[in-house]
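Owing to the predicted nature of the structure, the values given are computational and were not obtained by experimental measurement. Chain naming here is simple, since letters A, B, ... match the order of the sequence lines and numbering starts at 1 in each. Quick note: numbers below take in every heavy atom, side chains included, and nothing from hydrogens, waters or symmetry partners.
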2 protein chains.
Amino acid sequence: MGNKDEISMEQVILATAEKLFLEKGFDGTSTTQIAKEAGCNQALVHYYFRTKENLFNSIFETKFRTFFQNIFDTTQLTNLSFLEKIKHISRTHFDLLLANPQMPKLVINELSRRKENINILRDRLHVLPEQLFSLMDNELQEEISAGRVKNITFIDIMISIVSLNVALFFLKPVVSDVLLLTDEQANQMLQHRKEENVNIILSYLKP
Amino acid sequence: MGNKDEISMEQVILATAEKLFLEKGFDGTSTTQIAKEAGCNQALVHYYFRTKENLFNSIFETKFRTFFQNIFDTTQLTNLSFLEKIKHISRTHFDLLLANPQMPKLVINELSRRKENINILRDRLHVLPEQLFSLMDNELQEEISAGRVKNITFIDIMISIVSLNVALFFLKPVVSDVLLLTDEQANQMLQHRKEENVNIILSYLKP
DNA sequence: AATTGTTTTAATAGACTTATTAAACACATT
DNA sequence: AATGTGTTTAATAAGTCTATTAAAACAATT
(Lines give C-alpha, C1' and ligand atoms only; values in the text may rest on other atoms or scores of the structure.)
Protein backbone atom coordinates (compact mmCIF):
# COMPACT_ATOMS: atom_id res chain seq x y z
CA MET A 1 0.00 0.00 0.00
CA GLY A 2 1.40 3.38 -0.95
CA ASN A 3 3.06 1.62 -3.85
CA LYS A 4 2.37 3.85 -6.83
CA ASP A 5 2.12 0.91 -9.20
CA GLU A 6 -0.64 -0.69 -7.16
CA ILE A 7 -4.17 0.56 -7.49
CA SER A 8 -5.83 1.21 -4.17
CA MET A 9 -9.08 -0.43 -3.18
CA GLU A 10 -10.68 3.01 -3.28
CA GLN A 11 -9.81 3.24 -6.99
CA VAL A 12 -11.00 -0.32 -7.61
CA ILE A 13 -14.33 0.57 -6.03
CA LEU A 14 -14.62 3.67 -8.22
CA ALA A 15 -13.88 1.75 -11.41
CA THR A 16 -16.24 -1.06 -10.49
CA ALA A 17 -19.00 1.32 -9.53
CA GLU A 18 -18.65 3.22 -12.79
CA LYS A 19 -18.91 0.00 -14.79
CA LEU A 20 -22.01 -1.19 -12.94
CA PHE A 21 -23.74 2.20 -12.88
CA LEU A 22 -23.28 2.44 -16.65
CA GLU A 23 -24.51 -1.12 -17.16
CA LYS A 24 -27.48 -1.22 -14.81
CA GLY A 25 -28.19 2.37 -13.87
CA PHE A 26 -28.24 3.90 -10.42
CA ASP A 27 -31.33 2.05 -9.15
CA GLY A 28 -30.28 -1.25 -10.67
CA THR A 29 -26.91 -1.22 -8.89
CA SER A 30 -26.52 -1.87 -5.17
CA THR A 31 -23.50 -1.09 -2.99
CA THR A 32 -23.54 -4.77 -2.13
CA GLN A 33 -23.02 -5.67 -5.79
CA ILE A 34 -20.28 -3.07 -6.16
CA ALA A 35 -18.39 -4.42 -3.15
CA LYS A 36 -18.79 -7.99 -4.28
CA GLU A 37 -17.45 -7.27 -7.73
CA ALA A 38 -14.67 -5.03 -6.39
CA GLY A 39 -13.68 -7.83 -4.02
CA CYS A 40 -14.06 -6.03 -0.73
CA ASN A 41 -16.49 -5.70 2.15
CA GLN A 42 -19.60 -3.65 1.59
CA ALA A 43 -18.82 -1.41 4.55
CA LEU A 44 -15.65 -0.26 2.81
CA VAL A 45 -17.71 1.28 0.06
CA HIS A 46 -19.47 3.35 2.67
CA TYR A 47 -16.22 4.06 4.52
CA TYR A 48 -14.70 5.75 1.49
CA PHE A 49 -17.84 7.36 0.00
CA ARG A 50 -20.32 7.38 2.85
CA THR A 51 -23.42 7.16 0.64
CA LYS A 52 -24.27 5.52 -2.67
CA GLU A 53 -25.27 8.92 -4.02
CA ASN A 54 -21.86 10.39 -3.10
CA LEU A 55 -20.16 7.52 -4.88
CA PHE A 56 -22.22 8.11 -8.00
CA ASN A 57 -21.53 11.85 -7.93
CA SER A 58 -17.79 11.28 -7.42
CA ILE A 59 -17.72 9.39 -10.68
CA PHE A 60 -20.10 11.20 -12.93
CA GLU A 61 -19.97 14.83 -11.92
CA THR A 62 -16.58 15.39 -13.50
CA LYS A 63 -17.43 13.08 -16.36
CA PHE A 64 -20.53 15.16 -17.12
CA ARG A 65 -18.54 18.38 -16.87
CA THR A 66 -15.72 17.38 -19.18
CA PHE A 67 -18.16 15.75 -21.60
CA PHE A 68 -20.18 18.92 -22.05
CA GLN A 69 -17.09 21.12 -22.04
CA ASN A 70 -15.73 19.09 -24.90
CA ILE A 71 -18.94 19.31 -26.91
CA PHE A 72 -18.68 23.08 -27.06
CA ASP A 73 -14.91 23.38 -27.22
CA THR A 74 -13.85 26.14 -29.62
CA THR A 75 -10.08 25.99 -29.15
CA GLN A 76 -9.52 23.68 -32.11
CA LEU A 77 -11.49 25.81 -34.55
CA THR A 78 -9.01 28.58 -35.28
CA ASN A 79 -7.68 28.88 -38.84
CA LEU A 80 -10.49 26.82 -40.30
CA SER A 81 -13.08 27.85 -42.85
CA PHE A 82 -16.70 27.69 -41.82
CA LEU A 83 -17.37 24.36 -43.52
CA GLU A 84 -14.12 22.94 -42.13
CA LYS A 85 -15.30 24.01 -38.69
CA ILE A 86 -18.60 22.21 -39.22
CA LYS A 87 -16.77 19.06 -40.29
CA HIS A 88 -14.50 19.30 -37.26
CA ILE A 89 -17.42 19.79 -34.86
CA SER A 90 -19.25 16.77 -36.27
CA ARG A 91 -16.21 14.46 -36.22
CA THR A 92 -15.07 15.60 -32.77
CA HIS A 93 -18.54 15.11 -31.34
CA PHE A 94 -18.63 11.63 -32.85
CA ASP A 95 -15.21 10.78 -31.36
CA LEU A 96 -16.33 12.07 -27.98
CA LEU A 97 -19.32 9.72 -28.09
CA LEU A 98 -17.12 6.87 -29.26
CA ALA A 99 -14.95 7.40 -26.19
CA ASN A 100 -18.02 7.65 -23.91
CA PRO A 101 -20.66 5.54 -25.66
CA GLN A 102 -22.95 5.23 -22.64
CA MET A 103 -22.94 8.90 -21.73
CA PRO A 104 -26.10 9.84 -23.68
CA LYS A 105 -28.10 7.12 -21.93
CA LEU A 106 -26.67 8.18 -18.58
CA VAL A 107 -27.56 11.84 -19.12
CA ILE A 108 -31.13 11.00 -20.15
CA ASN A 109 -31.66 8.65 -17.22
CA GLU A 110 -30.13 11.07 -14.75
CA LEU A 111 -32.33 13.91 -15.91
CA SER A 112 -35.44 11.91 -15.06
CA ARG A 113 -34.02 10.30 -11.91
CA ARG A 114 -32.80 13.51 -10.33
CA LYS A 115 -34.53 16.71 -11.32
CA GLU A 116 -31.86 18.71 -9.51
CA ASN A 117 -29.41 17.61 -12.18
CA ILE A 118 -31.32 19.89 -14.51
CA ASN A 119 -30.20 22.93 -12.60
CA ILE A 120 -26.61 21.73 -12.63
CA LEU A 121 -26.76 21.10 -16.37
CA ARG A 122 -28.54 24.41 -16.99
CA ASP A 123 -25.71 26.28 -15.32
CA ARG A 124 -23.26 24.30 -17.40
CA LEU A 125 -25.08 24.35 -20.71
CA HIS A 126 -25.84 28.02 -20.50
CA VAL A 127 -22.31 29.40 -20.51
CA LEU A 128 -20.48 26.84 -22.59
CA PRO A 129 -22.44 27.04 -25.85
CA GLU A 130 -22.49 30.83 -25.90
CA GLN A 131 -18.92 31.12 -27.04
CA LEU A 132 -19.31 28.53 -29.76
CA PHE A 133 -22.63 29.92 -30.94
CA SER A 134 -21.32 33.48 -30.98
CA LEU A 135 -18.32 32.50 -33.06
CA MET A 136 -20.19 30.29 -35.48
CA ASP A 137 -23.27 32.47 -35.91
CA ASN A 138 -21.18 35.41 -37.13
CA GLU A 139 -19.43 33.26 -39.72
CA LEU A 140 -22.70 31.60 -40.69
CA GLN A 141 -24.25 34.95 -41.57
CA GLU A 142 -21.24 35.71 -43.75
CA GLU A 143 -21.55 32.37 -45.53
CA ILE A 144 -25.27 32.90 -46.10
CA SER A 145 -24.68 36.39 -47.45
CA ALA A 146 -21.99 35.09 -49.78
CA GLY A 147 -24.39 32.42 -51.05
CA ARG A 148 -22.20 29.53 -49.96
CA VAL A 149 -24.67 28.29 -47.34
CA LYS A 150 -28.47 28.31 -47.37
CA ASN A 151 -30.47 30.42 -44.95
CA ILE A 152 -30.38 28.38 -41.77
CA THR A 153 -29.77 28.82 -38.04
CA PHE A 154 -26.75 27.49 -36.25
CA ILE A 155 -29.12 25.93 -33.73
CA ASP A 156 -30.64 23.76 -36.48
CA ILE A 157 -27.16 22.79 -37.62
CA MET A 158 -26.12 21.77 -34.11
CA ILE A 159 -29.37 19.86 -33.45
CA SER A 160 -28.79 17.95 -36.69
CA ILE A 161 -25.14 17.14 -35.92
CA VAL A 162 -25.93 16.05 -32.38
CA SER A 163 -28.98 14.04 -33.48
CA LEU A 164 -27.17 12.10 -36.18
CA ASN A 165 -24.26 11.27 -33.86
CA VAL A 166 -26.04 10.66 -30.57
CA ALA A 167 -28.72 8.42 -32.05
CA LEU A 168 -26.06 6.08 -33.39
CA PHE A 169 -24.90 5.33 -29.88
CA PHE A 170 -28.44 4.78 -28.72
CA LEU A 171 -29.04 2.53 -31.70
CA LYS A 172 -25.74 0.65 -31.45
CA PRO A 173 -27.04 -1.90 -28.89
CA VAL A 174 -30.07 -2.42 -31.11
CA VAL A 175 -27.96 -2.83 -34.22
CA SER A 176 -25.22 -4.98 -32.68
CA ASP A 177 -27.24 -7.32 -30.52
CA VAL A 178 -30.52 -7.44 -32.39
CA LEU A 179 -29.20 -7.57 -35.94
CA LEU A 180 -26.33 -9.87 -34.98
CA LEU A 181 -23.45 -7.77 -36.23
CA THR A 182 -20.03 -8.71 -34.95
CA ASP A 183 -18.11 -6.08 -33.01
CA GLU A 184 -16.00 -5.47 -36.10
CA GLN A 185 -19.04 -5.04 -38.33
CA ALA A 186 -20.65 -2.70 -35.81
CA ASN A 187 -17.50 -0.64 -35.58
CA GLN A 188 -17.21 -0.52 -39.37
CA MET A 189 -20.79 0.67 -39.51
CA LEU A 190 -19.95 3.38 -36.96
CA GLN A 191 -16.87 4.57 -38.88
CA HIS A 192 -18.92 4.64 -42.07
CA ARG A 193 -21.60 6.67 -40.35
CA LYS A 194 -19.04 9.07 -38.91
CA GLU A 195 -18.24 10.28 -42.43
CA GLU A 196 -21.79 9.80 -43.73
CA ASN A 197 -23.05 12.12 -40.99
CA VAL A 198 -20.56 14.77 -42.11
CA ASN A 199 -21.80 14.34 -45.71
CA ILE A 200 -25.42 14.68 -44.62
CA ILE A 201 -24.70 17.92 -42.80
CA LEU A 202 -22.71 19.34 -45.73
CA SER A 203 -25.46 18.53 -48.23
CA TYR A 204 -27.98 20.03 -45.77
CA LEU A 205 -26.05 23.33 -45.82
CA LYS A 206 -25.90 23.64 -49.60
CA PRO A 207 -27.91 26.56 -50.97
CA MET B 1 -68.21 -3.29 -10.82
CA GLY B 2 -69.21 -4.69 -14.18
CA ASN B 3 -70.33 -1.16 -15.02
CA LYS B 4 -68.78 -0.49 -18.41
CA ASP B 5 -68.29 3.21 -17.69
CA GLU B 6 -66.24 2.54 -14.60
CA ILE B 7 -62.62 1.62 -14.93
CA SER B 8 -61.70 -1.41 -12.88
CA MET B 9 -58.95 -1.34 -10.31
CA GLU B 10 -57.04 -3.74 -12.54
CA GLN B 11 -57.03 -1.12 -15.29
CA VAL B 12 -56.09 1.60 -12.82
CA ILE B 13 -53.12 -0.47 -11.71
CA LEU B 14 -52.03 -0.97 -15.32
CA ALA B 15 -52.23 2.71 -16.14
CA THR B 16 -50.44 3.71 -12.96
CA ALA B 17 -47.73 1.12 -13.47
CA GLU B 18 -47.15 2.27 -17.03
CA LYS B 19 -46.78 5.87 -15.91
CA LEU B 20 -44.32 5.02 -13.15
CA PHE B 21 -42.30 2.53 -15.20
CA LEU B 22 -41.88 5.18 -17.90
CA GLU B 23 -40.95 7.82 -15.35
CA LYS B 24 -38.58 5.89 -13.11
CA GLY B 25 -37.76 2.70 -14.97
CA PHE B 26 -38.31 -0.87 -13.86
CA ASP B 27 -35.77 -0.86 -11.02
CA GLY B 28 -36.82 2.57 -9.80
CA THR B 29 -40.46 1.58 -9.42
CA SER B 30 -41.73 -0.66 -6.63
CA THR B 31 -45.06 -2.50 -6.49
CA THR B 32 -45.62 -0.68 -3.22
CA GLN B 33 -45.40 2.67 -5.04
CA ILE B 34 -47.70 1.47 -7.80
CA ALA B 35 -50.34 0.36 -5.30
CA LYS B 36 -50.09 3.56 -3.31
CA GLU B 37 -50.53 5.74 -6.37
CA ALA B 38 -53.28 3.51 -7.77
CA GLY B 39 -55.06 3.76 -4.41
CA CYS B 40 -55.25 0.10 -3.52
CA ASN B 41 -53.52 -2.48 -1.36
CA GLN B 42 -50.19 -3.76 -2.54
CA ALA B 43 -51.37 -7.36 -2.48
CA LEU B 44 -53.93 -6.53 -5.13
CA VAL B 45 -51.15 -5.75 -7.57
CA HIS B 46 -49.81 -9.25 -7.01
CA TYR B 47 -53.29 -10.74 -7.08
CA TYR B 48 -53.91 -9.49 -10.61
CA PHE B 49 -50.37 -9.80 -12.03
CA ARG B 50 -48.59 -12.15 -9.64
CA THR B 51 -45.10 -10.71 -10.23
CA LYS B 52 -43.72 -7.26 -10.95
CA GLU B 53 -42.09 -8.66 -14.09
CA ASN B 54 -45.45 -9.98 -15.33
CA LEU B 55 -47.00 -6.56 -14.76
CA PHE B 56 -44.24 -4.90 -16.73
CA ASN B 57 -44.56 -7.39 -19.57
CA SER B 58 -48.33 -7.02 -19.67
CA ILE B 59 -47.87 -3.35 -20.40
CA PHE B 60 -44.89 -3.15 -22.64
CA GLU B 61 -44.88 -6.33 -24.68
CA THR B 62 -47.78 -5.24 -26.86
CA LYS B 63 -46.53 -1.67 -26.83
CA PHE B 64 -43.16 -2.81 -28.15
CA ARG B 65 -44.82 -5.01 -30.76
CA THR B 66 -47.12 -2.37 -32.17
CA PHE B 67 -44.40 0.27 -32.00
CA PHE B 68 -42.01 -1.73 -34.16
CA GLN B 69 -44.78 -2.95 -36.46
CA ASN B 70 -45.67 0.66 -37.12
CA ILE B 71 -42.07 1.67 -37.86
CA PHE B 72 -41.90 -0.74 -40.76
CA ASP B 73 -45.50 -0.44 -41.96
CA THR B 74 -45.69 -0.46 -45.76
CA THR B 75 -49.47 -0.33 -46.19
CA GLN B 76 -49.57 3.47 -46.54
CA LEU B 77 -46.90 3.62 -49.22
CA THR B 78 -48.84 2.52 -52.29
CA ASN B 79 -49.33 5.06 -55.08
CA LEU B 80 -46.45 7.23 -53.93
CA SER B 81 -43.27 8.12 -55.72
CA PHE B 82 -40.02 7.11 -54.14
CA LEU B 83 -39.32 10.53 -52.65
CA GLU B 84 -42.93 10.81 -51.46
CA LYS B 85 -42.46 7.44 -49.74
CA ILE B 86 -39.32 8.72 -48.03
CA LYS B 87 -41.17 11.83 -46.84
CA HIS B 88 -44.02 9.68 -45.55
CA ILE B 89 -41.69 7.31 -43.71
CA SER B 90 -39.90 10.19 -41.99
CA ARG B 91 -43.10 12.00 -40.97
CA THR B 92 -44.87 8.85 -39.84
CA HIS B 93 -41.87 7.80 -37.77
CA PHE B 94 -41.80 11.22 -36.18
CA ASP B 95 -45.54 11.06 -35.36
CA LEU B 96 -45.08 7.61 -33.87
CA LEU B 97 -42.40 8.98 -31.55
CA LEU B 98 -44.56 11.99 -30.74
CA ALA B 99 -47.30 9.60 -29.63
CA ASN B 100 -44.82 7.46 -27.65
CA PRO B 101 -42.08 9.90 -26.64
CA GLN B 102 -40.58 7.68 -23.95
CA MET B 103 -40.42 4.53 -26.05
CA PRO B 104 -36.81 5.00 -27.27
CA LYS B 105 -35.56 5.37 -23.71
CA LEU B 106 -37.59 2.35 -22.64
CA VAL B 107 -36.24 0.19 -25.46
CA ILE B 108 -32.63 1.14 -24.73
CA ASN B 109 -33.01 0.55 -21.00
CA GLU B 110 -34.81 -2.73 -21.51
CA LEU B 111 -32.12 -4.03 -23.84
CA SER B 112 -29.50 -3.59 -21.16
CA ARG B 113 -31.71 -4.65 -18.26
CA ARG B 114 -32.93 -7.86 -19.84
CA LYS B 115 -30.70 -9.45 -22.41
CA GLU B 116 -33.50 -11.88 -23.30
CA ASN B 117 -35.39 -8.95 -24.77
CA ILE B 118 -32.78 -8.98 -27.50
CA ASN B 119 -33.99 -12.34 -28.73
CA ILE B 120 -37.59 -11.13 -28.70
CA LEU B 121 -36.66 -7.99 -30.63
CA ARG B 122 -34.46 -9.95 -33.00
CA ASP B 123 -37.38 -12.17 -33.95
CA ARG B 124 -39.48 -9.08 -34.40
CA LEU B 125 -36.99 -6.89 -36.18
CA HIS B 126 -35.94 -9.61 -38.57
CA VAL B 127 -39.22 -10.17 -40.38
CA LEU B 128 -40.78 -6.73 -40.29
CA PRO B 129 -38.13 -4.69 -42.08
CA GLU B 130 -37.69 -7.21 -44.88
CA GLN B 131 -40.87 -6.22 -46.63
CA LEU B 132 -40.13 -2.51 -46.39
CA PHE B 133 -36.50 -2.92 -47.42
CA SER B 134 -37.40 -5.16 -50.34
CA LEU B 135 -39.96 -2.67 -51.64
CA MET B 136 -37.81 0.39 -51.18
CA ASP B 137 -34.53 -1.08 -52.37
CA ASN B 138 -35.99 -1.94 -55.76
CA GLU B 139 -37.30 1.57 -56.25
CA LEU B 140 -34.09 3.06 -54.92
CA GLN B 141 -32.04 1.27 -57.59
CA GLU B 142 -34.38 2.69 -60.22
CA GLU B 143 -34.02 6.21 -58.85
CA ILE B 144 -30.24 5.89 -58.76
CA SER B 145 -30.14 4.56 -62.35
CA ALA B 146 -32.36 7.42 -63.48
CA GLY B 147 -30.02 9.91 -61.84
CA ARG B 148 -32.68 11.29 -59.48
CA VAL B 149 -30.98 9.96 -56.34
CA LYS B 150 -27.31 9.58 -55.54
CA ASN B 151 -25.71 6.20 -55.07
CA ILE B 152 -26.71 5.25 -51.53
CA THR B 153 -28.09 2.28 -49.58
CA PHE B 154 -31.57 2.19 -48.13
CA ILE B 155 -30.00 1.15 -44.83
CA ASP B 156 -28.13 4.46 -44.68
CA ILE B 157 -31.35 6.31 -45.49
CA MET B 158 -33.25 4.54 -42.72
CA ILE B 159 -30.46 5.03 -40.18
CA SER B 160 -30.45 8.73 -40.99
CA ILE B 161 -34.24 9.10 -40.73
CA VAL B 162 -34.40 7.17 -37.46
CA SER B 163 -31.39 9.02 -36.03
CA LEU B 164 -32.73 12.49 -36.76
CA ASN B 165 -36.16 11.66 -35.31
CA VAL B 166 -35.24 9.49 -32.35
CA ALA B 167 -32.53 11.82 -31.07
CA LEU B 168 -35.04 14.65 -30.82
CA PHE B 169 -37.03 12.70 -28.26
CA PHE B 170 -33.92 11.88 -26.32
CA LEU B 171 -32.88 15.50 -26.47
CA LYS B 172 -36.31 16.93 -25.67
CA PRO B 173 -35.88 16.67 -21.87
CA VAL B 174 -32.48 18.35 -22.24
CA VAL B 175 -33.89 21.10 -24.42
CA SER B 176 -37.10 21.68 -22.48
CA ASP B 177 -35.86 21.50 -18.92
CA VAL B 178 -32.26 22.62 -19.30
CA LEU B 179 -32.75 25.43 -21.81
CA LEU B 180 -35.99 26.58 -20.13
CA LEU B 181 -38.29 26.34 -23.12
CA THR B 182 -41.97 26.40 -22.37
CA ASP B 183 -44.01 23.40 -23.46
CA GLU B 184 -45.31 25.44 -26.36
CA GLN B 185 -41.83 26.47 -27.46
CA ALA B 186 -40.57 22.90 -27.17
CA ASN B 187 -43.49 21.65 -29.25
CA GLN B 188 -42.91 24.36 -31.83
CA MET B 189 -39.28 23.29 -32.00
CA LEU B 190 -40.40 19.69 -32.51
CA GLN B 191 -42.83 20.60 -35.30
CA HIS B 192 -40.13 22.66 -36.96
CA ARG B 193 -37.72 19.78 -36.71
CA LYS B 194 -40.28 17.36 -38.14
CA GLU B 195 -40.14 19.19 -41.48
CA GLU B 196 -36.48 20.10 -41.16
CA ASN B 197 -35.62 16.41 -40.80
CA VAL B 198 -37.53 15.69 -44.03
CA ASN B 199 -35.56 18.48 -45.74
CA ILE B 200 -32.27 17.10 -44.48
CA ILE B 201 -33.06 13.65 -45.84
CA LEU B 202 -34.16 15.02 -49.22
CA SER B 203 -31.00 17.12 -49.61
CA TYR B 204 -28.98 14.07 -48.56
CA LEU B 205 -30.49 12.06 -51.44
CA LYS B 206 -29.78 14.63 -54.12
CA PRO B 207 -27.22 13.47 -56.70
C1' DA C 1 7.45 -3.21 22.04
C1' DA C 2 4.20 0.35 21.84
C1' DT C 3 1.61 3.67 19.42
C1' DT C 4 -0.87 5.65 15.70
C1' DG C 5 -3.28 5.86 11.51
C1' DT C 6 -5.31 3.53 7.67
C1' DT C 7 -7.61 -0.25 5.78
C1' DT C 8 -10.77 -3.75 6.11
C1' DT C 9 -14.27 -6.87 7.96
C1' DA C 10 -18.16 -8.82 10.78
C1' DA C 11 -22.15 -7.74 12.82
C1' DT C 12 -26.05 -5.16 13.07
C1' DA C 13 -30.07 -1.75 12.54
C1' DG C 14 -33.85 -0.08 10.25
C1' DA C 15 -36.26 0.38 6.08
C1' DC C 16 -37.95 -1.36 2.02
C1' DT C 17 -38.64 -4.80 -1.35
C1' DT C 18 -41.42 -8.80 -3.64
C1' DA C 19 -44.60 -12.09 -2.84
C1' DT C 20 -47.92 -15.15 -0.28
C1' DT C 21 -51.79 -16.33 2.56
C1' DA C 22 -55.86 -16.03 5.17
C1' DA C 23 -59.71 -13.48 5.90
C1' DA C 24 -63.11 -9.87 5.13
C1' DC C 25 -66.18 -7.66 2.00
C1' DA C 26 -69.41 -6.95 -1.87
C1' DC C 27 -72.25 -8.70 -5.21
C1' DA C 28 -74.91 -12.10 -7.78
C1' DT C 29 -77.34 -16.32 -7.84
C1' DT C 30 -80.10 -19.97 -6.08
C1' DA D 1 -80.65 -17.52 4.11
C1' DA D 2 -77.04 -19.87 1.97
C1' DT D 3 -73.58 -20.25 -1.43
C1' DG D 4 -70.23 -19.01 -4.86
C1' DT D 5 -67.24 -15.74 -7.02
C1' DG D 6 -64.54 -11.77 -7.52
C1' DT D 7 -62.37 -7.97 -5.14
C1' DT D 8 -59.75 -6.20 -1.61
C1' DT D 9 -57.10 -5.82 2.69
C1' DA D 10 -54.16 -6.96 6.82
C1' DA D 11 -50.65 -9.58 8.23
C1' DT D 12 -46.66 -11.87 7.38
C1' DA D 13 -42.31 -14.11 5.39
C1' DA D 14 -37.98 -13.86 3.45
C1' DG D 15 -34.68 -11.34 1.27
C1' DT D 16 -32.12 -7.22 0.06
C1' DC D 17 -31.11 -2.65 0.57
C1' DT D 18 -28.29 1.48 2.66
C1' DA D 19 -25.70 2.75 6.30
C1' DT D 20 -23.41 2.51 10.93
C1' DT D 21 -20.46 0.78 14.47
C1' DA D 22 -17.07 -1.83 16.80
C1' DA D 23 -13.30 -4.46 16.23
C1' DA D 24 -9.54 -6.70 13.76
C1' DA D 25 -5.66 -6.44 10.70
C1' DC D 26 -1.93 -4.11 8.69
C1' DA D 27 1.79 -0.84 8.02
C1' DA D 28 4.55 2.93 9.47
C1' DT D 29 6.70 5.42 13.07
C1' DT D 30 8.81 6.13 17.46
Side-chain angles (χ1 to χ4, degrees), chain A residues 1-61 106 109-110 112-117, chain B residues 1-61 106 109-110 112-117:
Chain A
M1 204 137 45
N3 183 342
K4 286 201 194 69
D5 298 331
E6 197 174 281
I7 188 169
S8 68
M9 186 51 74
E10 182 174 0
Q11 296 302 318
V12 173
I13 290 170
L14 276 170
T16 306
E18 176 173 345
K19 171 175 172 279
L20 292 177
F21 281 138
L22 285 173
E23 242 174 64
K24 310 176 177 213
F26 183 87
D27 291 319
T29 302
S30 68
T31 53
T32 310
Q33 286 168 355
I34 294 168
K36 195 168 185 174
E37 188 146 333
C40 67
N41 187 269
Q42 192 228 341
L44 195 63
V45 176
H46 290 279
Y47 172 78
Y48 281 120
F49 303 97
R50 192 155 285 279
T51 68
K52 182 182 169 185
E53 197 75 61
N54 278 357
L55 174 56
F56 185 90
N57 289 342
S58 301
I59 298 164
F60 292 109
E61 198 144 273
L106 191 82
N109 285 335
E110 278 312 287
S112 55
R113 187 180 75 84
R114 288 206 302 162
K115 303 300 185 197
E116 61 270 27
N117 279 342
Chain B
M1 197 144 40
N3 184 344
K4 286 203 194 70
D5 298 332
E6 197 174 280
I7 188 169
S8 69
M9 186 52 73
E10 183 173 358
Q11 297 302 318
V12 173
I13 290 171
L14 277 170
T16 306
E18 176 173 342
K19 171 176 172 280
L20 292 177
F21 281 138
L22 285 173
E23 242 174 64
K24 310 175 177 213
F26 182 87
D27 292 316
T29 302
S30 67
T31 53
T32 310
Q33 287 169 352
I34 294 168
K36 195 167 185 175
E37 189 146 333
C40 69
N41 187 270
Q42 192 226 343
L44 196 63
V45 176
H46 291 279
Y47 173 77
Y48 282 120
F49 303 98
R50 192 156 284 280
T51 68
K52 182 181 169 185
E53 196 75 62
N54 278 357
L55 174 57
F56 185 89
N57 289 343
S58 299
I59 298 165
F60 292 109
E61 198 143 272
L106 192 82
N109 285 335
E110 277 312 287
S112 55
R113 186 180 75 83
R114 289 206 303 162
K115 304 299 186 195
E116 62 271 28
N117 279 341

Using the side-chain contact (heavy atoms from CB on, under 4.5 Å) rule, take B:V12 and B:M9 through it: C-alpha gap first, then chi angles, then the decisive distance, then the call. CA-CA 5 Å; B:V12 173; B:M9 186 52 73; 4.0 Å; yes
Report the distance from atom [atom1] of [X] to atom [atom2] of [N], rounded to the nearest whole Å.
{"X": "B:Q33", "N": "C:dA19", "atom1": "CD", "atom2": "P", "value": "14 Å"}
{"X": "B:I34", "N": "C:dC16", "atom1": "CD1", "atom2": "P", "value": "17 Å"}
{"X": "A:K24", "N": "D:dT16", "atom1": "NZ", "atom2": "C1'", "value": "13 Å"}
{"X": "A:D27", "N": "D:dT18", "atom1": "CG", "atom2": "P", "value": "10 Å"}
{"X": "B:M9", "N": "C:dA26", "atom1": "CE", "atom2": "C1'", "value": "14 Å"}

Should B:S30 be listed as having a side-chain N or O under 4.0 Å from OP1 or OP2 of C:dC16? no
Just to confirm, is there a sub-4.0 Å distance from OP1 or OP2 of C:dC16 to any side-chain nitrogen or oxygen of B:T32?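 Result: no.
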Could you tell me if the side chain of A:K52 sits less than 4.5 Å from the side chain of A:F21, heavy atoms only?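 Yes - at least one pair of side-chain heavy atoms lies under 4.5 Å apart.
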Check each residue of residues 41-58 of chain A for a non-hydrogen atom within less than 4.0 Å of any atom in DNA chain C, then write out the ones that pass by number, or none.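 Hits under 4.0 Å, by residue number: A:N41, A:A43, A:L44, A:Y47, A:Y48.
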CG-OG1 distance between A:L55 and A:T31, expressed to the nearest 0.5 angstrom: 8.5 Å
For A:R114, which residues count as a salt bridge (charged side-chain N to carboxylate O under 4.0 Å, His left out) partner, sequence neighbours excluded? A:E53, A:E110, A:E116
Residue pair A:Q33 / A:G28: nearest heavy atoms and the distance that separates them: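 Heavy atoms only, the tightest pair is OE1-O, 3.5 Å.
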Exercise: do B:T16 and B:E37 side chains pair donor with acceptor under 3.5 Å: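 Absent: no donor and acceptor within the cut-off.
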